[in-house]
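Report on the structure given below.
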Amino acid sequence: MRGGVDGPRPHRPTIELLESFPTEAQVGTTIDFTVRVSCHEGCDLGGGVLEVVDADGTVQTSQLSRADVEGGVVADLSVKAPPRTGAAKWAIGFPEQEIGGCVHEEGSLAFTCEVLPHTTSMAIWGVPTPMKGSRFTVNVGIKCSALCPLGGQLVEIWDGEGVKLGEGRLGDEPRPDTVGLYEGEVTLTAPDRTGVFSASVGFSPDELDLPHVDTAGDFTFRCVELPEHTVTVRVVHEEIDAPLGDIEVRLGPYQAMTDSEGVAGVAVAKGTYELSLWRIDIEPVSMRVKVTGDTEIDVAAAPRRIVDEDEERMWM
Ligand SMILES: [Zn+2]
Ligand SMILES: [Zn+2]
């Protein structure tokens, strides 16, 4: 037996977490924390050893290295949340060891944390105005809360009645200039009638190693009649020197871009539309047009007026 009747009494160490251990963590993520060990007798425990034991019994050894102002010695530790959800448990053990000529008895500290699945968030963009019955695409972006690679994962689109409209897969690499946002194009077929429709996008990854919570999003789209006529819009100069190409021409939901001559042929159904022109450097134009057959329209474009916002505010 150590420390017999006449031997010195072993010192008792105190083990404490310096900041509270998180109560929740996501599967597979790293949890950093700091532990302080001190001796009641004031020994310097630098060089002492700590053991971190996870629920599977795996032991990881670290050294107490950093002196603490409170008179103890600290170790910066990290553990990994297991790849399954539920309660996870770790223990920090201070094995019996002799430091500074004195025996320090063993001590331990246990702590638990609830391990949760990763969550995912969704963005939907690029929803067009399709013609009835036509195939069209929307862009869906998915991001994991722990930034898992999501390339190749399936995204599905359903209508309000639960009928699947289409599916697509996320690209292999994250979208440029984003952190972990994986983008996919989903192709679907528009209903065979005009109107406004809603659809929901579902992401339920089951091919990933770690558990993830499903996510869903909604969008609406307008289905329009098949075009039967062409409206040829000719943009003409009005004090404008810039080339007349790449101007967006819209007739209600129908749209085309001008060519280098400033001409755009917009295919539309019969009806009355708001015709508008848009390009960043030209003054927006809007006019009403009734289409009953193929027709040609000249529209004058002027350079965009620079608006002094302060001046404008004065008149509000
Ligand atoms: Zn001591
Ligand atoms: Zn993830």
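Owing to the predicted nature of the structure, the values given are computational and were not obtained by experimental measurement.
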Quick check on [X]: does its [atom1] atom have over 12 non-hydrogen neighbours (other residues, nucleotides or ligands) under 6.0 Å away?
X: Lys89; atom1: NZ; value: no
X: Lys80; atom1: NZ; value: no
X: Asp298; atom1: CG; value: yes
X: Glu173; atom1: CD; value: no
X: Arg169; atom1: CZ; value: yes
X: Asp214; atom1: CG; value: yes
X: Arg12; atom1: CZ; value: no

Would the distance check show the side chain of [X] and the main-chain N or O of [Y] forming a donor-acceptor pair, the cut-off being under 3.5 Å?
X: Asp32; Y: Ser78; answer: no
X: Ser134; Y: Ala190; answer: no
X: Glu98; Y: His104; answer: no
X: Asp54; Y: Asp56; answer: yes
X: Lys143; Y: Val179; answer: yes
X: Arg279; Y: Gly245; answer: yes

Got [X] and [Y] here, is their nearest side-chain heavy-atom distance under 4.5 Å?
X: Val233; Y: Thr258; answer: no
X: Arg193; Y: Cys223; answer: no
X: Ile247; Y: Ile282; answer: yes
X: Glu167; Y: Leu154; answer: yes
X: Leu275; Y: Val299; answer: yes
X: Leu109; Y: Leu17; answer: yes
X: Pro95; Y: Glu106; answer: no
X: Cys43; Y: His11; answer: yes

Linked, directly or transitively: [X] and [Y] (ILVMFWY side chains, under 4.5 Å):
X: Val115; Y: Val213; value: no
X: Met287; Y: Trp278; value: no
X: Leu18; Y: Ile15; value: no
X: Val74; Y: Phe94; value: no
X: Val235; Y: Val285; value: yes

Hydrophobic cluster of Leu188, others only, ordered by chain and residue number, side-chain cut-off 4.5 Å: Met122, Ile124, Val127, Phe136, Val138, Val140, Ile142, Leu150, Val155, Ile157, Leu165, Leu170, Tyr182, Val186, Phe197, Val201, Phe203, Leu208, Phe219, Phe221

Ring pair (Phe, Tyr, Trp, His ring centres under 6.0 Å): pairs with one or both residues in residues 22-56, sequence neighbours excluded: Phe21-Phe33, Phe33-Phe111

Once rounded to the nearest 0.5 Å, what's the spacing between atom [atom1] of [X] and atom [atom2] of [Y]?
X: Cys39; Y: Leu45; atom1: SG; atom2: CG; value: 5.5 Å
X: Arg288; Y: Leu251; atom1: CZ; atom2: CG; value: 11.0 Å
X: Trp90; Y: Thr112; atom1: CH2; atom2: OG1; value: 8.5 Å
X: Ile31; Y: Leu77; atom1: CD1; atom2: CG; value: 12.0 Å
X: Glu207; Y: Gln153; atom1: CD; atom2: CD; value: 5.0 Å
X: Thr232; Y: Arg234; atom1: OG1; atom2: CZ; value: 8.0 Å

Testing the basics here: between [X] and [Y], what is the closest heavy-atom pair and its distance to 0.1 Å?
X: Val266; Y: Gln255; result: CG1-N, 3.9 Å
X: Lys270; Y: Thr292; result: CE-O, 3.6 Å
X: Met257; Y: Glu248; result: SD-CA, 3.7 Å
X: Arg175; Y: Trp125; result: NH1-CZ2, 3.6 Å
X: His118; Y: Cys144; result: ND1-SG, 3.3 Å
X: Gly265; Y: Ala256; result: O-CB, 3.6 Å

Chi angles and distances behind the side-chain contact (heavy atoms from CB on, under 4.5 Å) call for Leu244, Glu261: CA-CA 6 Å; Leu244 294 172; Glu261 304 295 309; over 6 Å; no

Reference residue Val27; test side chain to side chain contact (heavy atoms under 4.5 Å, CB included); the match among Pro82, Cys148, Pro211: Pro211

From CA spacing to verdict: side-chain contact (heavy atoms from CB on, under 4.5 Å), Thr272, Val291: CA-CA 6 Å; Thr272 302; Val291 180; over 6 Å; no

Derivation and outcome, side-chain contact (heavy atoms from CB on, under 4.5 Å), residues Gln97 and Val49: CA-CA 8 Å; Gln97 53 199 293; Val49 166; 3.8 Å; yes

salt_bridge(Glu283, Arg305) N-O dist < 4.0 Å: yes

Stepwise side-chain contact (heavy atoms from CB on, under 4.5 Å) check, Thr30 with Val79: CA-CA 6 Å; Thr30 300; Val79 291; over 6 Å; no

Trace of the side-chain hydrogen bond (donor to acceptor under 3.5 Å, both in side chains) decision for Thr189 with Arg135: CA-CA 4 Å; Thr189 305; Arg135 302 276 286 165; 2.8 Å; yes

Modelled atom types, side-chain donor and acceptor of Ser145 and Gln26, under 3.5 Å: yes

Audit row: Ser286, Glu274, side-chain hydrogen bond (donor to acceptor under 3.5 Å, both in side chains) steps and yes/no: CA-CA 7 Å; Ser286 184; Glu274 199 70 30; 2.8 Å; yes

Residues forming a salt bridge (charged side-chain N to carboxylate O under 4.0 Å, His left out) with Asp76, sequence neighbours excluded: Arg66

